[in-house]
2 protein chains.
Amino acid sequence: MDYTRGAGGAAIGARLRRVSEWIDGDATRVYAALGIDFEQRWFGVLNQLARQGPASVGELASALRITHVSVSQTRQSLEKAGIVASETDPADARRRRLTLTEDGARLVERLTPLWRAFEEAALELNAEAGDAVAALDRLDDALARKSLFDRIIAIMPSPASGRSAAPTG
Amino acid sequence: MDYTRGAGGAAIGARLRRVSEWIDGDATRVYAALGIDFEQRWFGVLNQLARQGPASVGELASALRITHVSVSQTRQSLEKAGIVASETDPADARRRRLTLTEDGARLVERLTPLWRAFEEAALELNAEAGDAVAALDRLDDALARKSLFDRIIAIMPSPASGRSAAPTG
DNA sequence: GACATATATGTAGGCGCCTACCTATTTGAA
DNA sequence: TTCAAATAGGTAGGCGCCTACATATATGTC
């Protein structure tokens, strides 16, 4: 048996990461097979800019549920590739507003059918997996209600009680 | 709405990774709160060595479902920390057999109650999430049956049919 | 026995995220 | 108006995995 199927909290994290790697790896191979130079992490930012229009680093980070640092790093990669441009927001000099360049818009247009195929494949996969996405949602919600940290700490015996029990043995 | 809850194949990968980061981050914080110097990736290797005894890099990689390179890197980190020792397998000079050192065995003994608390927290979380682990199993199985790559490629229109349709516009 | 192929594990570099810390700008309270 | 606190996004370094490629050893065929 795959040991991670029987193990605890740390192993669930490892399992999620592993499946994530598997899926991302497959997606990356599709782009490569089509001769498209694309970084997986671009998808979230591009998709959001294409659908919602220009956005700041922080807005994208909130929407994507990742740190602003990740968005900033992705932004730099996208700017280097000429896909995204950014400027200081006129309304707030702390903000950086990201927009698709013309090349970026063309790339998105070119990739949209592919992303539709991704979507369809994901729906098919999800159906086969008995709605894994809904389970992921529930997991997300459960963690938002109470973190794993708090759960673990609540379960652990307090040092004082543990010590008073031991010497009787 | 959190956009990733509505998006496709690439976004499922991102979601899995994000939840994984969340869980791993919490686990890391528990060790830190207890003043224990521990790398999250050590868990899989240590747990396996403690339960199954000495093992080779490849055996651990198979059991943990990660690449031998990851195991090798983790092994190096563990050896540096004096937790694991390794030697060339007498029966096959290509193999490297990993074993827990005395310090390693003591660390595992010390951490076992903590790992039980992890397990219990994970069960609690999983129950709240309506058996997310079973869903993950099903997702795993579905991907093993047919990769996301194959699914996407099967769905995509072939280039020839796409091209013959376009010029009529 | 010779040698092609398979197997085991290492190195190098990269991916996509993170935390800690920092600087600059904006907001709100006194 | 002044200034403390909040907000925005950057740099630096790290985490835990990956692929590509390499070397050494074992196995199997001729």
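In what follows, chains carry the letters A, B, and so on, assigned in the order in which the sequence lines appear, proteins first and then strands, with residues in each chain numbered from 1. In this text the structure is predicted, and so the values were computed from the model without any measurement.
Separation of the A:Phe43 and A:Tyr31 ring centroids does not fall under the 6.0 Å cut-off.
Counting any heavy atom pair closer than 4.0 Å across all strands shown, B:Val71 reaches no nucleic acid atom. Residue A:Ser56 is in sugar-phosphate contact alone, with no base atom involved, counting any heavy-atom pair closer than 4.0 Å across all strands shown.
Ranked by how close their nearest DNA chain D nucleotide is to the 5' end, A:Arg29 and A:Val57 are led by A:Val57. Sequence order on DNA chain C of the closest nucleotides to A:His68 and A:Arg17 puts A:Arg17 first from the 5' end.
Contacts of A:Arg116 classified as side chain to side chain contact (heavy atoms under 4.5 Å, CB included), with partners at least two apart in sequence or in another chain: A:Thr112. Among residues two or more places apart in sequence or in another chain, the side chain to side chain contact (heavy atoms under 4.5 Å, CB included) test is passed with A:Pro54 by A:Arg97, A:Thr99. Remark: B:Arg151 engages A:Glu124, A:Glu128 in a side chain to side chain donor-acceptor pair (under 3.5 Å) (not counting sequence neighbours). In this view, A:Arg94 and A:Asp92 satisfy the side chain to side chain donor-acceptor pair (under 3.5 Å) rule, not counting sequence neighbours. Listed by chain and residue number, B:Arg75, B:Ser86 satisfy the side chain to side chain donor-acceptor pair (under 3.5 Å) test with B:Glu79 (two or more places apart in sequence, or in another chain). Under the side chain to side chain contact (heavy atoms under 4.5 Å, CB included) criterion, A:Arg29 pairs with A:Asp26, B:Phe149, sequence neighbours left out. For A:Glu39, the side chain to side chain donor-acceptor pair (under 3.5 Å) partners at least two apart in sequence or on another chain are A:Arg41, A:Ser77. B:Ala132 pairs by the side chain to side chain contact (heavy atoms under 4.5 Å, CB included) definition with A:Ala135, A:Leu139, B:Asn126, B:Ala129, not counting sequence neighbours.
In the 5' to 3' direction, nucleotides of DNA chain C lying under 4.0 Å from heavy atoms of chain B begin and end at C:dA6 to C:dC18.
Distance check, rounded to the nearest 0.5 Å: CH2 of A:Trp42 to CG of A:Leu49 gives 13.0 Å. Of the inter-residue distances, the one linking A:Ser147 atom OG with A:Asp150 atom CG reads 3.5 Å to the nearest 0.5 angstrom.
Contacts between residues 74-90 of chain A and DNA chain D, defined by a heavy-atom separation under 4.0 Å, are made by A:Arg75, A:Gln76.
Of the charged side-chain nitrogens involved, at least one lies within less than 4.0 Å of a carboxylate oxygen, so that A:Arg106 and A:Asp103 count as a salt-bridged pair. Salt bridge status for A:Asp24 with B:Arg17: present, with a side-chain N to carboxylate O gap under 4.0 Å.
Comparing the helix axis at one end of the helix from C:dG1-D:dC30 to C:dA30-D:dT1 with that at the other, each defined from 5 consecutive pairs, gives an inter-axis angle of 10° (nearest 10°).
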Using the 3.5 Å cut-off, write out each protein N or O paired with an N or O of nucleotides 2-7 of chain D and the distance between them.
residue, atom, partner, partner atom, Å
D:dT7, O2, A:Arg94, NH1, 2.8

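For A:Gln73 and D:dT11, the CD to C1' distance is 9 Å, given to the nearest whole Å.
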